[in-house]
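Inspection log for the structure reproduced underneath, given as structure tokens.
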2 protein chains.
Amino acid sequence: MKRLTLEEIGKLAGVSRATVSRVINDYPFIRPEIRTRVQEIIDQTGFRPNSIPRSLVSSRSNIVGLIIPSVVQKVFTDPYFASLIYGIAQGCNRNNLVLSVYLFHSLEEKHNVIQTIVGTGLVDGMIVTGDNRDTEILDVFLNSQIPLVMVGEPDHSNVSFVDTDNYGGAYTATKYLIDLGFQRIGIIATEINKSSEDRLRGYKQALLDHNIAVDEHLIAWGNYTAESGYLAMREILPYRPDAMFSSNDAMALGCLRALREANIRVPEDMSLIGFDDLPQALQAEPPLTTIQQTIQESGCEAVELLLRLLNDDGPTPLRTILPNTLIVRGTTRAVQSQSNL
Amino acid sequence: MKRLTLEEIGKLAGVSRATVSRVINDYPFIRPEIRTRVQEIIDQTGFRPNSIPRSLVSSRSNIVGLIIPSVVQKVFTDPYFASLIYGIAQGCNRNNLVLSVYLFHSLEEKHNVIQTIVGTGLVDGMIVTGDNRDTEILDVFLNSQIPLVMVGEPDHSNVSFVDTDNYGGAYTATKYLIDLGFQRIGIIATEINKSSEDRLRGYKQALLDHNIAVDEHLIAWGNYTAESGYLAMREILPYRPDAMFSSNDAMALGCLRALREANIRVPEDMSLIGFDDLPQALQAEPPLTTIQQTIQESGCEAVELLLRLLNDDGPTPLRTILPNTLIVRGTTRAVQSQSNL
DNA sequence: TTGAAAGCGCTAACAG
DNA sequence: CTGTTAGCGCTTTCAA
């Protein structure tokens, strides 16, 4: 049973293919009985118009592309991306869009795939996430006609993006630790992108606002992986922090491991707060206190922004900053008087 | 700068659009100087033919769809899918295919999306993974013209699929435990699909082949999540196994947690083998001995099978069983004579 | 309110 | 070897 066409449906209903097209596209001025008749045939046959010629004539494929340019290791390990894809898929489904995902295994492949994307014009728009400092990707798309939305604020202004309130979240986390009574609060920071800088800024500002000097020894650098968090924690340990804020959960999990190895109990000997609220945060031992980022919602929102870009209403670029909230679990507790030795 | 067309390239090169098309598609009988001239214009302008009309005329979109029908929880937590997508993307890139990913957030959405996929005929073929017993998906695609490849053997015969050697892997793992000197070897099994049944079969056969009776008390059931592994391990503990084979790594991680809570040391008091070799297996405490499945390769191979289906050479259905290997890490060790009390 | 016809950008016969 | 022409299945004028 081969695929039907408008023409054939028209024949079955005794109308022209134009009329069938109108019925499908909810064109208002059709005689009701004709509409009914055509609709019946459509329902009986389960007809759906082929999307390719539709795209050809409308120059809209209804396909949105998603690029995750992170290195292999990250995509494999970081469930952040799983949540994100999930949210983006949701946004697509709601808006009858198809999601095409582009992943690379080498720089050369990245280059080729990007060129193909812009060259063949299959997608209506792109969502890019991961390393927001990938200049090649940004350059190529900004110089193309393809609308772009980033997940995570890029350095480049003039780009539409959605991000969580990085500064605010970090500030909240740090302030919470301060309120718990801690004074030597360390941070596992990253320099990957603007978002991570904002988290560092939030941390510093919270300290400053509470008259705690920023101690560079209590700042260690990671790259968002659990492994890097582990290493960073070990670096910082000699400087005897009494609490830690990790710029993401994956690294916080690494911290937890480093602390376990060093026989430092959490939360008895050290409090720890993460950022993201991955599923793993809940499963950690003990469950991780963290800043809950609505990753899935970010994904949805990215699609919505893209859609607005495509229908170009309003000024561009578009920005959405989503709020986040502190989720208190098992890795934090107030300073105990007897532990002040 | 709007998108160029064949016609315009032709004008620039002083030839017809048909000739340009021929140059692009490597048609052999073109005068070399013409080919060169056209190619120069193409290179200068960076022209790439639009993929939509190409698809229209060739009735090949070069888009392959991927469905991951697992419940929310799984996709979020299980990096198996991340590895798999990564492999599938690799297969697509190699073959100049675009990967479109379909995820669902409700049964209704699943239904709608599936109908849209088959109805609009955008994709050339589908790869389906996750719960291989989803009859709706299988039914719909088997009754459509859309070629289908499953990742993981389905119950339904007559479907092409790629899978790891589940039986063999389980057999190897169990035999290894036996060779280590264990006699009361338990298993965390699942009933999700054929693959999991094969793993159970491999386990049983290894026992039988070494004259160890299968003890139903040492079989507990999970659903591939870490949480279910945790619960299953707790169920089995009273029956005092001395070693465990977990049907996947995620559940093995759950086992590890249950054992830690029960103050059972691994590997001193209990040996444990997983299945998959996820990145987390390496990071576990202690690093997990496991059956290494080349998940990424499975993804690649699924694409290759689909391609063969599309070019319909050879008989159908197509099957690929990929080998796997035991990776010995920190959760297994030989029975110590003094621990035999 | 509907049908006929043009055309989206490309490929593939078919002439020449 | 290359250009002309006819479509792929759909939407959208334009007439009627």
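On a predicted model such as this, the values are computed, not experimentally measured, just so you know. Throughout, protein chains are lettered first and strands after them, A, B, ... in sequence-line order, and every chain is numbered starting at 1.
Leu56(A) comes within contact range of at least one nucleobase, with a heavy-atom separation under 4.0 Å. Nucleic acid contact for Ile34(A): sugar-phosphate only, since backbone atoms but no base atoms lie under 4.0 Å from a heavy atom of the residue. At the heavy-atom level, Ser58(A) lies nowhere under 4.0 Å from the strands shown.
For Ile24(A) and dT12(D), the CD1 to C1' distance is 15 Å, given to the nearest whole Å. Following rounding to the nearest Å, Asn50(B) (CG) and dC8(D) (C1') show an atom-to-atom distance of 14 Å. Atom P of nucleotide dG9(D) and atom CZ of Arg22(A) are separated by 20 Å, given to the nearest angstrom. One atom, CD of Glu7(A), and another, C1' of dC10(D), lie 11 Å apart when rounded to the nearest Å. The nearest whole Å value for the distance from the CG atom in Asp26(A) to the P atom in dT12(D) is 13 Å. The distance between atom CZ of Phe29(A) and atom P of dC14(D), rounded to the nearest whole Å, is 17 Å.
Judged as a side chain to side chain donor-acceptor pair (under 3.5 Å), and not counting sequence neighbours, Asn50(A) has no contacts.
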His105(B)/Tyr86(A) under ring-ring contact (aromatic ring centres under 6.0 Å, His included): CA gap, chis, key distance, verdict: CA-CA 8 Å; His105(B) 310 75; Tyr86(A) 203 71; 4.3 Å; yes
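The distance from the CD atom of Glu301(B) to the CD1 atom of Ile321(B) is 10.5 Å, given to the nearest 0.5 Å.
Results of the side-chain contact (heavy atoms from CB on, under 4.5 Å) test with Pro147(A) over Thr316(A), Leu309(A), Leu307(A), Leu318(A) single out Leu309(A) as the only residue that passes. Each of Leu148(A), Ile68(A), Leu66(A) was scored for a side-chain contact (heavy atoms from CB on, under 4.5 Å) with Val128(A), with one residue passing: Leu148(A).
Counting non-hydrogen atoms of neighbouring residues, nucleotides and ligands closer than 6.0 angstrom, the CD atom of Glu108(B) reaches no more than 12 such neighbours.
The nucleotide range of DNA chain C contacted by chain A, defined by atoms under 4.0 angstrom from heavy atoms of the protein and reported 5' to 3', is dT1(C) to dG9(C).
Side-chain atoms of Arg60(A) and Ser55(A) include no donor-acceptor pair closer than 3.5 Å.
Proximity note for Arg17(B) (side chain, C-beta onward) versus dT5(D), dT11(D), dT13(D): the nearest is dT5(D).
Of the side-chain N and O atoms in Ser16(B), one or more sit less than 4.0 angstrom from OP1 or OP2 of dG3(D). Distances shorter than 4.0 Å separate some side-chain N or O of Arg54(A) from OP1 or OP2 on dT11(D). The phosphate of dG3(D) has OP1 or OP2 within less than 4.0 Å of a side-chain N or O from Thr19(B).
Nucleotides of DNA chain C nearest to Ala18(B) and Pro53(A) differ in position, and the one nearer the 5' end is that of Pro53(A).
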